[in-house]
Amino acid sequence: MSQQHSAADPAPTSDVATAPRRDWWRDAVIYQVYPRSFADSNGDGMGDLEGVRSRLPYLRDLGIDAVWLSPFYASPQADAGYDVADYRAVDPMFGSLLDADALIRDAHGLGLRIIVDLVPNHSSDQHEWFKRAVAEGPGSPLRDRYHFRPGKGADGEFPPNDWESIFGGPAWTRVTEPDGTPGEWYLHLFAPEQPDFNWDHPAVGDEFRSILRFWLDMGVDGFRIDVAHGLVKADGLPDLGAHDQLKLLGNDVMPFFDQDGVHAIYREWRLVLDEYAGDRIFVAEAWTPTVERTANYVRPDELHQAFNFQYLGTDWDAAELKVVIDRTLDAMRPVNAPATWVLSNHDVTRHATRFANEPGLGTQIRLAGDRALGLRRARAASLLMLALPGSAYVYQGEELGLPDVVDLPDEVRQDPAYFRGAGQDGFRDGCRVPIPWTRAGSSYGFGTGGSWLPQPAVWADLSVEAQTGVAESTLELYRTALSVRREQPGLGAGDSVEWLKAPGGVLAFRRGDFVCVANTTGEAVRIPAYGRVLVASGEVTVADDEAKLPGDTTVWWTTG
């Protein structure tokens with residue numbers, strides 16, 4: 001007998017529970033929406049909040065618990081909205097505050113929660129504080145809210161220290177003073193259009209607590225904190241003294257990242273959040289050297305979740321995955337925080353493409369690889385992720401099995417890192433191409449006026465329309481898996497797994513009456529038939545008490 005994911009009952013289409021659930025975030029599946037690439041309501045080629053709102057029923061039916069929206073604030077869009085000019089306004093390209101309010105209300109009506117991005121490490125250079133700081137010249141009190149410093153050298157012609165921008169080049173830019181002379185330098189860990197706030201200044205903390213209250217009063221259910229590890233810089237902004245500093249990121253505590261002082265900020269924020277009813281949450285984007293340091297961000301009086309970048313960067317290899325899973329669970333258990341699991345987001349190559357290539361190439365690559373192999377592994381990896389204890393994140397389009405678009409012409413690129421000539425590879429545009437909804441149309445249902453990044457022709461066959469109702473499709477695999485996840489008490493919440501004996505290259509674990517087996521090798525293996533197949537990413541053949549599990553395939557069983 002052969003069984004795939006269609007063996008399970010179909011996912012519900014309308015009967016999603018809307019009653020409040022305490023500690024919902026401990027086992028939540030949270031779906032990341034990149035607004036400019038999700039759905040376009042007005043035909044201008046750019047996604048918007050009304051487009052997201054129109055597609056909320058799709059997300060409800062998919063079976064997720066919450067929607068995380070990447071930034072939609074007023075912004076010059078030097079870094080796709082992560083350069084915020086006004087934290088209390090919606091950029092006109094995305095709509096208005098009324099659209100945000102309607103989106104939040106509609107989501108709540110469908111039983112979905114809304115998490116919004118917050119960008120506290122830096123603002124736009126068009127933020128009113130920064131514009132006034134430059135216009136008022138040296139000595140302006142507003143310069144103390146950023147990191148302005150005189151340069152080194154006889155005429156101040158060299159940057160204040162040797163820090164490098166994550167996007168390449170120096171992390172400092174020199175301003176022209178009001179009298180036209182070259183003047184002070186300001187710090188920007190990312191693009192020059194993104195000056196870093198000085199969190200030692202009390203006005204910065206006051207402002208962001210006010211911003212939190214503004215959006216909490218609007219009804220949002222939480223915040224994803226961008227660059228949560230970057231707010232506090234080491235005293236004196238000391239030189240790092242290392243060449244090719246970017247290679248150290250994620251391996252060492254840097255003088256501008258993961259400084260212990262950030263935790264006092266988040267304890268203050270937690271007091272604000274806890275004033276509000278509704279079990280609202282903070283999620284940290286914290287790149288740290290170890291998962292143990294990540295755990296510092298989710299201590300009981302700080303944040304609720306932190307992204308597990310160690311897991312995201314792990315190759316499709318059973319031994320490596322087991323190490324990361326064990327270390328993650330061991331690190332989160334003492335602080336009573338849920339583990340999180342993620343495979344893709346708006347900053348990395350989609351895992352359907354990463355897994356199509358040889359291991360060890362990192363998370364930003366521009367190689368198509370073996371598409372069929374990548375999809376097979378991506379489907380298996382998704383089932384493994386959704387079986388682990390804790391909360392899982394799904395990036396828009398991964399439920400369609402979308403690959404990265406690796407052949408975008410240089411002239412259409414918009415990632416600012418691409419134009420910096422160093423630093424990040426600048427390949428993030430490939431995972432940001434607007435997703436397809438229909439087989440036909442100027443942008444496969446994204447909108448009526450094309451799309452801001454060109455979509456490949458294969459998008460038609462990967463669209464929601466093309467995959468809906470097709471038993472073996474990746475979309476139906478996700479729908480079924482998310483339905484089963486809600487029904488099975490052995491899935492989601494919890495902080496441990498019981499590892500089972502398995503062949504080399506295979507992961508097998510039990511959680512109550514639930515068993516997950518993932519074959520990360522390219523060859524079929526024989527395993528015990530643990531019970532009834534709930535869902536599988538490929539064809540599993542069961543005979544008597546034994547099952548044949550194909551290569552690069554994951555299967556869920558129930559023993560009850």
Side-chain angles (χ1 to χ4, degrees), residues 71 73-76 78-79 81-90 116-150 160-161 163 171-173 175 177-178 183-218 220 223-237 255-257 259-276 282 284-285 301-303:
Y73 306 110
S75 165
D79 185 22
Y82 282 93
D83 50 316
V84 181
D86 187 344
Y87 290 85
R88 298 177 182 84
V90 173
V116 297
D117 235 308
L118 189 66
V119 188
N121 179 70
H122 49 262
S123 74
S124 165
D125 62 353
Q126 297 305 301
H127 189 286
E128 192 60 34
W129 285 3
F130 190 80
K131 289 195 298 182
R132 286 176 53 195
V134 173
E136 292 175 6
S140 167
L142 286 167
R143 292 201 176 189
D144 294 336
R145 301 182 186 186
Y146 295 91
H147 294 279
F148 279 85
R149 296 286 188 279
N161 70 18
W163 295 358
W172 296 88
T173 290
V175 300
E177 302 296 0
E184 295 182 314
W185 298 69
Y186 67 88
L187 176 68
H188 53 86
L189 292 181
F190 295 89
E193 297 88 351
Q194 296 170 291
D196 279 44
F197 284 115
N198 175 16
W199 273 88
D200 290 332
H201 196 292
V204 177
D206 291 345
E207 171 69 355
F208 272 90
R209 287 190 296 274
S210 173
I211 292 166
L212 290 176
R213 294 182 188 281
F214 178 87
W215 289 102
L216 289 167
D217 289 341
M218 284 267 298
V220 303
F223 301 88
R224 177 264 190 186
I225 305 168
D226 185 62
V227 196
H229 54 299
L231 279 56
V232 172
K233 279 66 175 176
D235 289 343
L237 309 185
F256 47 78
F257 278 165
Q259 295 291 303
D260 290 338
V262 299
H263 300 291
I265 296 169
Y266 298 135
R267 285 192 287 272
E268 291 183 351
W269 285 17
R270 182 63 178 264
L271 294 174
V272 173
L273 198 74
D274 287 348
E275 294 174 11
Y276 288 79
F282 287 121
E285 182 208 28
D301 61 344
E302 294 189 41
L303 311 179

Go through the steps for Leu189 and Lys233 under the test side-chain contact (heavy atoms from CB on, under 4.5 Å), then give the verdict. CA-CA 11 Å; Leu189 292 181; Lys233 279 66 175 176; 3.9 Å; yes
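Shown here are the side-chain hydrogen bond (donor to acceptor under 3.5 Å, both in side chains) partners of Asp301, two or more places apart in sequence or in another chain: there are none. Taking the side-chain hydrogen bond (donor to acceptor under 3.5 Å, both in side chains) definition, one finds that Ser124 meets it with nothing, sequence neighbours left out. The salt bridge (Lys or Arg N to Asp or Glu O under 4.0 Å) search around Asp260 returns Arg293, not counting sequence neighbours. A search for ring-ring contact (aromatic ring centres under 6.0 Å, His included) contacts involving Trp163 returns Phe256, not counting sequence neighbours. Val227 pairs by the side-chain contact (heavy atoms from CB on, under 4.5 Å) definition with Asn121, His122, Phe190, His229, Phe257, Glu285, not counting sequence neighbours.
Considering every non-hydrogen atom in both Ala228 and Leu231, the closest pair reads O-CD1, 4.0 Å.
The CG atom of Leu237 sits 6.0 Å away from the CG atom of Asn161 when rounded to the nearest 0.5 Å. Rounded to the nearest 0.5 angstrom, Asp196 CG and Leu187 CG are separated by 4.5 Å. One distance of note links CG of Leu273 with CZ of Arg213; it measures 10.0 Å at 0.5 Å rounding. Rounded to the nearest 0.5 angstrom, His188 NE2 and Ser123 OG are separated by 12.5 Å. Separation of atoms CG (Leu142) and NE2 (His201) is listed at 8.0 Å; rounding is to 0.5 Å. A distance of 8.0 Å separates OG1 in Thr173 from CD in Glu193, rounded to the nearest 0.5 Å.
Ring centroids of Trp199 and Phe208 are separated by less than 6.0 Å, placing the two rings close together.
Side-chain contact between Leu271 and Glu275: absent, with no pair of heavy atoms (C-beta onward) separated by less than 4.5 Å. Between His147 and Asn198 there is a side-chain heavy-atom pair separated by less than 4.5 Å. Residues Arg270 and Leu303 are not in side-chain contact: their nearest non-hydrogen atoms beyond the backbone lie 4.5 Å or more apart. The closest side-chain heavy-atom distance from Val84 to Ser75 is not below 4.5 Å. Within the 4.5 Å cutoff, the side chain of Tyr82 has heavy atoms near those of the Asp117 side chain.
Using bins of under 30°, 30° to 60° and over 60° for the plane-to-plane angle, the ring pair Trp215/Tyr73 lands in the perpendicular bin.
Atom CG of Asp235 is surrounded by 12 or fewer heavy atoms from other residues, nucleotides or ligands within 6.0 Å.
With Leu212 as the partner, the side-chain contact (heavy atoms from CB on, under 4.5 Å) test is satisfied by one option alone out of Val220, Leu118, Asp217: Leu118. With Tyr146 as reference, Phe197 is the one residue of Tyr186, Trp185, Phe197 to meet the ring-ring contact (aromatic ring centres under 6.0 Å, His included) rule.
Ion pairing between Arg267 and Glu302 holds under the 4.0 Å rule for side-chain N and carboxylate O. Between Arg149 and Glu184 there is no salt bridge, since none of the side-chain N atoms of the basic residue sits less than 4.0 Å from a carboxylate O of the acidic one.
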Distance-only donor-acceptor hits, side chain of residues 125-137, under 3.5 Å, sequence neighbours excluded:
unit_1	atom_1	unit_2	atom_2	d
His127	ND1	Trp129	N	3.0
Glu136	OE1	Ser140	OG	2.6

